[in-house]
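Notes for the one structure printed next.
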Amino acid sequence: GITVDTGLVALAGFAGEQITEGLDGLGPRLVEYRELGARFTKWRAVIVVGDHTPTDTGMQAHARGLALFAALSQQAGLVPIVELEVLMKGPHTISHCAEVATAGWQRVFAALAAHRVVLEHMLVKTGMMVSGTNCPEPAGVAVVAETTVRVLRRVVPAAVPGIVFLSGGQRSDAATARLEAICNVGRAPWRLSFSFGRALQASALAAWKGAHWNGLPGHVTAAQDALRRQAQCNGAAIQGRGVRAVESVAM
């Protein structure tokens, strides 16, 4: 697969908001990627929570971009991963995060329907419903899990085959614990999994680099072991078993 957007830029006229670029020439690029062996694509849109953001204009712009990307991907024979992330940065509560995510995804699925995107042939990538990083009273794991599943049940049609969660800057242990709790809530009509970046790689990078920015050859095995263990923990989490199951096997 391949990420096909070209990154975020400021949304003209709307201070503090961003828009994702990359639609220009996307159709021919997708055909080329398919010929080169790609089978899925990804496009990332982000929502900033602030005193005056997000605006309806900003969310609608993201929704249109995601829908056009998804339609073009399916036309080229590729499975689109539609990603909308509510950024964690800020003092907002989990309730505010849930409110923003609900509004954002409602607009995205309305746009997907308008562009005749086949829901059965796409995946959703989303953040968990969490408190902002500067929230004075962050929500616990159980509340994160219940809120996340409740929001997604309201906005993601059952026709979508699967939802993968991004880590969004969470610590590895926190992301895995929340993933496990979400998968244990039940009542989910889609397959749930993970698509972590930093939370999957952080322990491996720490083991590999040590005190040296470029890493040390002698640390490669330790880094590989760290990456393997973190992947196993996340794999166990989506089965509702989590870290303890991995540790019991290792023992």
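Along the sequence shown, residues are numbered consecutively beginning with 1. Keep in mind that the numbers below use all heavy atoms, side chains included, and drop hydrogens, waters and symmetry copies.
Looking at D5, its side chain never comes within 3.5 Å of a backbone N or O of E21 through a donor-acceptor pair. Between the side chain of E17 and the main chain of A10, no donor-acceptor pair closer than 3.5 Å is present. In this structure a side-chain-to-backbone donor-acceptor pair under 3.5 Å is present from H219 to A207. Although no hydrogens or angles enter the test, the distance criterion places no donor-acceptor pair under 3.5 Å between the side chain of S131 and the main chain of P138. Side-chain N or O atoms of T176 include none that pairs as donor or acceptor with a backbone N or O of D173 at under 3.5 Å. Between the T148 side chain and the M129 main chain, a donor and an acceptor come within less than 3.5 Å of each other. Remark: the backbone N or O of A111 is paired with a side-chain donor or acceptor of H115 at under 3.5 angstrom. Here the side chain of H62 pairs a donor or acceptor atom with the backbone of Q18 at under 3.5 angstrom. A donor-acceptor distance shorter than 3.5 angstrom exists from the side chain of R34 to the backbone of G77, with no hydrogens or angles considered.
Judged by distance alone, the side chains of Q201 and S172 never bring a donor and an acceptor atom under 3.5 Å apart. Side chains of K89 and T133: no donor on one and acceptor on the other come within 3.5 Å.
Around the CZ atom of R29, the shell of radius 6.0 Å holds more than 12 heavy atoms that belong to other residues, nucleotides or ligands.
When every heavy atom of T20 is checked against every heavy atom of A45, the shortest pair comes out as OG1-CA, 3.6 Å.
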- Task: Before giving the answer on side-chain contact (heavy atoms from CB on, under 4.5 Å), spell out for Q60 and T57 the whole-Å C-alpha distance, their side-chain angles and the decisive distance to 0.1 Å.
- Result: CA-CA 5 Å; Q60 292 286 9; T57 299; 5.8 Å; no

- Message: Pair I238, L192 - check side-chain contact (heavy atoms from CB on, under 4.5 Å), show working.
- Response: CA-CA 7 Å; I238 63 175; L192 300 178; 5.8 Å; no

- Item | Chi angles and distances behind the side-chain contact (heavy atoms from CB on, under 4.5 Å) call for F69, V4 | CA-CA 9 Å; F69 143 76; V4 297; 3.6 Å; yes

- Message: Using side-chain contact (heavy atoms from CB on, under 4.5 Å), reason through F40 and L78 one step at a time and then give a plain yes or no.
- Response: CA-CA 5 Å; F40 67 89; L78 297 159; 5.9 Å; no

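M122 has its side chain within reach of L112: a pair of non-hydrogen atoms, C-beta onward, lies under 4.5 Å apart.
Expressed to the nearest 0.5 Å, how far CG of L26 lies from OG of S73 amounts to 6.0 Å. How far CZ of F194 is from CG of L200: 6.0 Å, rounded to the nearest 0.5 Å.
Checking each of L30, V79, I81 against T41 for a side-chain contact (heavy atoms from CB on, under 4.5 Å) leaves exactly one that passes, namely L30.
Among residue pairs with one or both ends in residues 75-85, those qualifying as side chain to side chain donor-acceptor pair (under 3.5 Å) are K42-E83, R44-E85; sequence neighbours excluded.
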Distance-only donor-acceptor pairs under 3.5 Å for side chains of residues 149-170, two or more places apart:
unit_1	atom_1	unit_2	atom_2	d
R153	NH1	R187	O	2.2
Q170	OE1	R178	NH1	2.6
Q170	NE2	S167	O	3.0

